[in-house]
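By convention in this document, chain letters (A, B, ...) are assigned in the order of the sequence lines, proteins followed by strands, and residues within each chain are numbered from 1. Computed from a prediction, not measured in an experiment: that's the story for all the values here.
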Amino acid sequence: SSLTQVVHSAGRRFIVSPVPESRLRES
Amino acid sequence: AEDTGLRVELAEEDDCSNSSLALRLWVEDPKKLKGKHKDNEAIEFSFNLETDTPEEVAYEMVKSGFFHESDSKAVAKSIRDRVTPIKKTREKKPAGC
């Protein structure tokens, strides 16, 4: 989805996406 | 979030089928971090229990601009606190979870 960004570093892939609303409420 | 202010959880069910885990890390308590970081964004990555180290992954996250150098120890600690119990469980029950 447009909200997900993929970053590669030293052969490792990081997928960045918004923290699910439900998880934010937990904190 | 442990005392690091960061939360690390399994991004997928751990079926013990291979040594890689899918993990998800995000900032739960921004006040506990020293440098700039991306708020409200979760970073999903794979972690190989046999070949990766938390420090190495933390370093790559700093290099990718997700966290400041001054927080790399906290990132490494939060990853280590999550993967160590999984490693121990697997060592005890090699027949799978």
Within the distance-only criterion (no hydrogens, no angle test), does the side chain of A/Arg13 pair as donor or acceptor with the backbone N or O of A/His8 below 3.5 angstrom? no
Any side-chain heavy atom of B/Val57 sitting closer than 4.5 Å to one from B/Phe47? yes
May I ask you to name which of B/Lys63, B/Met61, B/Glu60 has the most heavy-atom pairs under 4.5 Å with chain A? B/Glu60
What are the two closest non-hydrogen atoms of B/Ala58 and B/Val75, and how far apart are they? CB-CG1, 3.8 Å
Structural part of A/Val7 lying under 4.5 Å from a heavy atom of chain B: side chain
With only heavy atoms counted, which part of B/Tyr59 is less than 4.5 Å from chain A, the side chain, the backbone, both or neither? neither
Between B/Arg80 and B/Glu55, does any side-chain N to carboxylate O distance fall below 4.0 Å? yes
